[in-house]
Amino acid sequence: MHGVHNEGLIDLFARTTDDIVSLEEFRALLDSRRQLRIKFGADVTAPFLHLGHAVNLWMMREMQERGHQVQFLIGDFTTRIGDPTGRSTGRPERSQADIEHDAAAFLEQIAAVLITDNPALFTVRRNAEWWGAATAADLVQRLGAVTVSRLQSRDMFRSRQESGSEVRMHELIYPVLQGWDSVELASDLTIVGSDQLFNESMGRFFQERQGQQAQVIITTKITPGLDGVKKQSKSLNNFVALADSPRDKFGKIMSLADALVVQWLQVYTTLPLPEIEQIDQGLAAGSLHPMEAKRILAQALVERYHGRPAAAAEDRWFRETFSERAFPADAPQLCLRPGRIKLLDLLVLLAPDQSRSELRRLLLSGAVLLGAEKLADPQQLLDFPEGSCHEVKLGRRRHFRLLVQEE
RNA sequence: GGAGAGAUUCCCGAGUGGUCAAAGGGGGCAGACUGUAAAUCUGUUGGCUCAGCCUUCGAAGGUUCAAAUCCUUCUCUCUCCA
């Protein structure tokens with residue numbers, strides 16, 4: 001009966017899994033009924049976790065629910081070197097202080113998904129523990145196990161060499177270091193993006209060599225970001241961050257390319273597959289408006305991270321504000337002294353982060369509403385009597401309520 | 001160590017003495033349209049006391065009435081040779 005339970009898990013994982021090395025070994029691990037150690041190695045360079053990262057985290061959470069332990073490995077040693085994955089050029093090295101700062105931010109974000117406050121289910125390790133203590137002889141010995149051609153066979157290294165850009169020694173060695181970490185942790189399982197398969201395979205290699213059971217590697221699917229083309233990344237600004245507010249999560253989903261809704265439902269929510277299938281058919285047949293499908297997605301997602309009430313509230317807010325164009329009830333309120341003020345000066349008060357030139361342009365393009373009236377003259381003098389209240393709309397998304405009173 | 005190439009406004013990338021606040025694309029923002037913060041179209045995208053002025057083209061100097069464009073030095077990046 002335990003086996004049946006585990007089959008359920010494998011089905012659940014199938015939804016977001018790209019590949020398992022190997023499925024048989026994974027089954028055997030689950031059947032062993034012991035607590036498994038899950039290696040969660042983090043390159044803490046950019047502590048901005050998005051939905052893509054969360055896919056792996058949710059799978060680990062699922063394992064925690066079954067009593068297994070996530071070993072969060074801060075790559076404080078390896079981060080100083082810089083993982084060359086996906087880089088066309090080497091990364092700059094980083095200071096220990098930067099790394100610690102980023103690690104703390106990282107931990108805070110994964111707490112949105114993982115259980116981090118139970119030591120039986122979550123521990124923190126640092127690979128400087130062993131790499132800091134290793135001697136040159138240790139390193140050379142470990143390097144001796146691996147052939148250069150094997151390291152060079154990695155696509156990324158090959159393409160860099162072919163295109164004439166350089167590969168530095170420490171980058172070449174990176175997979176060895178990351179692989180050895182699995183030995184030190186005695187890792188049973190690791191769940192990573194498919195771009196990490198090569199590095200984690202080195203882990204299996206070293207574990208076997210050291211007489212350990214090789215870790216199982218589950219790689220996950222990489223899903224395109226909001227633009228529908230590239231994977232989510234900070235620099236492309238096409239991601240939904242775990243740290244985003246419920247409102248931003250909802251809004252960003254509504255700006256997702258329509259064609260991606262079904263895929264996102266599959267990967268980023270736990271909505272039952274038959275329901276997703278229905279949505280897919282509805283969209284294809286035209287009986288379901290794309291916006292409705294996106295609302296379902298946005299609600300499911302906000303609910304997953306912030307709970308059902310938040311999801312319902314944000315859905316209502318979005319409908320009222322964008323579909324019905326109502327002035328949102330929770331718009332930020334500002335107090336203003338009674339008297340005359342130039343329109344442009346008023347805007348500067350409302351949006352102090354923008355330059356006057358920017359605001360002037362906004363004004364001229366017709367983006368400013370006072371009540372229902374469109375205002376476009378920067379020099380216009382407005383007269384606000386004591387006690388009056390006004391609604392100001394600045395573009396599509398910014399709303400302010402003005403209270404005029406003597407302070 | 002030797003020989004070349006290059007550093008441009010958020011990003012990519014034109015621009016080789018005045019017509020350059022600097023083409024084009026991307027991204028952003030805004031307007032129209034829309035049951036979407038989709039798609040599409042249009043506009044806009046250094047700052048300000050805004051029909052004018054000020055500050056930008058790796059850094060510092062210099063030539064010139066005038067420089068992103070020429071000269072000198074420096075810093076960094078890349079390519080090739082050994």
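Chain naming here is simple, since letters A, B, ... match the order of the sequence lines and numbering starts at 1 in each.
Distances shown here put a side-chain N or O of A/Ser357 below 4.0 Å from the OP1 or OP2 atom of B/C48. In terms of phosphate contacts, A/Arg398 brings no side-chain nitrogen or oxygen within less than 4.0 Å of OP1 or OP2 of B/A30. Between A/Ser355 and B/C48, a side-chain N or O to OP1/OP2 separation shorter than 4.0 Å is present. Here A/Arg361 reaches the OP1 or OP2 of B/G47: one of its side-chain N or O atoms lies under 4.0 Å away. At B/U49, one or more side-chain N or O atoms of A/Arg356 fall inside 4.0 Å of OP1 or OP2 (strictly under the cut-off).
Rounded to whole angstrom, the span from the CZ atom of A/Arg295 across to the C1' atom of B/A38 amounts to 15 Å. Here B/A37 presents its C1' atom at 16 Å from CD of A/Glu320, a figure rounded to the nearest Å. A straight line from CE of A/Met291 to P of B/C33 spans 18 Å, rounded to a whole angstrom. Atom pair A/Leu362:CG and B/C29:P shows a separation of 11 Å (rounding to whole Å applied). Rounded to an integer number of Å, the gap from CG of A/Leu288 to P of B/U36 is 15 Å. Rounded to a whole Å, the CG atom of A/Leu260 is 18 Å from the P atom of B/A37. In this entry the distance linking CG of A/Leu364 with P of B/U44 reads 12 Å, nearest Å. Atoms CG (A/Leu363) and P (B/C48) sit 14 Å apart, rounded to a whole Å.
To the nearest whole angstrom, the two P atoms, one in B/U73 and one in B/U9, are 25 Å apart. Annotation: B/U45 and B/G25 have their P atoms spaced 14 Å apart (nearest Å). Comparing the same atom, C1', in B/G6 and in B/A14 gives a spacing of 15 Å after rounding to whole Å. Here the separation of B/U40 from B/C33, taken at their C1' atoms, is 8 Å to the nearest Å. Spacing of P atoms, B/G13 relative to B/A67, comes out at 28 Å, to the nearest Å. Using C1' as the reference atom, B/A23 and B/U8 are 13 Å apart when rounded to the nearest Å. When the C1' atom is used for both B/G35 and B/C29, the distance is 24 Å, rounded to whole Å. Across B/U56 and B/C74, the matching P atoms stand 24 Å from one another, rounded to whole Å.
Closest approach of A/Thr269 to A/Leu297, counting heavy atoms only: CG2-CD1, 3.8 Å.
Nucleic acid contact class of A/Glu358 (heavy atoms, under 4.0 Å, all strands): sugar-phosphate only. If you check every strand for non-hydrogen atoms under 4.0 Å, A/Ile253 touches nothing.
Minimum atom distance to the side chain of A/Phe318 is reached by B/A37, of the listed B/A37, B/A38, B/A30. Checked against B/A38, B/A30, B/G35, the side chain of A/Asp258 finds its nearest nucleotide in B/A38. Checking B/G31, B/U49, B/U36 against every side-chain atom of A/Lys374, the shortest atom distance belongs to B/G31. Of the candidate nucleotides B/G47, B/A37, B/U36, B/A37 has the atom nearest to the side chain of A/Asp248.
Taking the centre of each ring, A/Phe205 and A/Trp180 stay at or above the 6.0 Å mark.
As the counterpart of B/G17, no nucleotide is assigned, since no Watson-Crick or G-U wobble pattern has both distances under 3.5 Å. If you check B/A32 for Watson-Crick or wobble pairing at under 3.5 angstrom, you find it paired to B/U40. Pairing of B/C53, defined by two Watson-Crick or G-U wobble distances under 3.5 Å, is identified with B/G47. Nucleotide B/C10 forms a Watson-Crick or G-U wobble pair with B/G26, both donor-acceptor distances falling under 3.5 Å. Nucleotide B/A5: paired with B/U77 (Watson-Crick or G-U wobble, both distances less than 3.5 Å). Remark: B/U69 base-pairs with no nucleotide; criterion is Watson-Crick or G-U wobble with both hydrogen-bond distances under 3.5 Å.
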For this session: Check the pair A/Tyr268, A/Val55 against side-chain contact (heavy atoms from CB on, under 4.5 Å), reporting the backbone distance first and the verdict last.
Result: CA-CA 7 Å; A/Tyr268 294 140; A/Val55 167; 3.4 Å; yes
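Looking at A/Gln64, its side chain does come within 3.5 Å of a backbone N or O of A/Leu121 through a donor-acceptor pair. Judged purely by atom type and a 3.5 angstrom limit, A/Lys249 uses its side chain to pair as donor or acceptor with the backbone of A/Asp244. Formation of a donor-acceptor pair under 3.5 Å by the A/Ser365 side chain with backbone atoms of A/Arg361 is found in this model. Within the 3.5 Å criterion, the main-chain N or O of A/Asp19 finds no donor-acceptor partner in the side chain of A/Thr17.
Between A/Gly366 and A/Leu344, the one whose closest nucleotide on RNA chain B sits nearer the 5' end is A/Gly366. Nearest-nucleotide positions on RNA chain B for A/Arg360 and A/Gly251 put A/Gly251 closer to the 5' end.
A cation-pi arrangement is not found for A/Arg126 relative to A/Trp131, the charged atom failing to lie both closer than 6.0 Å to the ring centre and inside a 45° cone about the ring normal.
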